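Just so it is clear, the values below take in all heavy atoms, side chains as well, and ignore hydrogens, waters and symmetry mates. Source: prediction; values computed, not measured. Protein chains get the first letters and strands the later ones, always in sequence-line order, with residue 1 at the start of each.
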Amino acid sequence: MKYWLMKSEPQVYSIEDLKRENTTVWDGVRNYQARNFLKQMEVGDLAFFYHSNCKNIGIIGLMEVIETNIIDPTQFDKSSPYFDVKSTINNPRWQTVKVQFKQKFPEIISLNTLKERFSGDEFLLVKKGNRLSVMPVPENLINLII
DNA sequence: GCCAACGTTGGC
DNA sequence: GCCAACGTTGGC
């Protein structure tokens with residue numbers, strides 16, 4: 001079982017949205033490195049939900065990967081902002097996973113706190129210039145994060 | 001709203 | 001394959 005971190009802008013999709021819907025297909029990732037991490041995910045993996053580009057930035061909850069190797073349907077949807085004209089049905093570019101709500105933390109673990117706790121070499125999230133929206137979380141950090 | 005940092009595109 | 005131009009991410 002591995003741990004991951006996945007970013008979302010709460011004004012687009014928040015932990016409250018996931019709590020209400022219980023599960024969601026994590027669509028819209030259009031970065032190859034992030035997609036490659038999505039491909040590596042296995043059922044039962046846990047992922048931290050991170051709120052980005054908002055007032056209260058940080059880790060806000062936890063979710064579980066419940067289905068893998070899902071073809072992101074938005075890549076074929078011409079009305080979607082995530083439509084990819086170069087992706088074909090026979091050779092889709094973008095795969096993702098389905099996740100289920102586990103918990104919302106009583107308090108957000110702020111980006112500042114995470115920066116105080118970890119160096120960029122330890123944790124990609126706080127590495128200068130990093131923009132990945134899906135990334136692994138090193139096992140030895142889990143106890144320090146939660 | 002600004003802008004640094006990064007990824008992607010496309011001409012050559 | 002190189003790299004300038006452009007678009008996006010995301011913190012501030």
_Contact list please: residues 128-136 of chain A against DNA chain C, heavy atoms, distance less than 4.0 Å, in numerical order._
A:Arg131, A:Leu132
*Could you give the distance from CG (A:Leu144) to CG (A:Leu114), rounded to the nearest 0.5 Å?*
10.5 Å
*DNA chain B: A:Asn53 or A:Arg93, which has the more 5' nearest nucleotide?*
A:Asn53
*Would you please say whether a donor-acceptor pair under 3.5 Å links the side chains of A:Ser52 and A:Arg131?*
no
_Qualifying ring-ring contact (aromatic ring centres under 6.0 Å, His included) pairs, either residue in residues 90-145 of chain A, two or more places apart_ = A:Tyr32-A:Trp94, A:Phe118-A:Phe123
_Regarding A:Lys115, tell me which of base, sugar-phosphate or nothing describes its non-hydrogen contacts under 4.0 Å with the strands shown._
sugar-phosphate
*Look up atom CD in A:Glu21 and atom OG1 in A:Thr23, then write down how far apart they are to the nearest 0.5 Å.*
7.5 Å
*Start and end of the DNA chain B segment that chain A contacts, any atom under 4.0 Å from a heavy atom*: B:dA5 to B:dG10
_Students often get this wrong, so: under 4.0 angstrom with heavy atoms, is A:Lys86 touching a base, only sugar-phosphate, or nothing?_
sugar-phosphate
*Quick one: are A:Phe48 and A:Leu62 in side-chain contact, heavy atoms under 4.5 Å?*
yes
*Report yes if the side chains of A:Gln11 and A:Cys54 come closer than 4.5 Å at any heavy-atom pair, otherwise no.*
yes
*Spacing of OG belonging to A:Ser133 relative to CG belonging to A:Leu5, to within rounding of 0.5 Å*: 9.5 Å
*asked:* Rounded at 0.5 Å granularity, tell me how far CZ in A:Phe76 sits from CD1 in A:Ile89.
replied: 4.0 Å
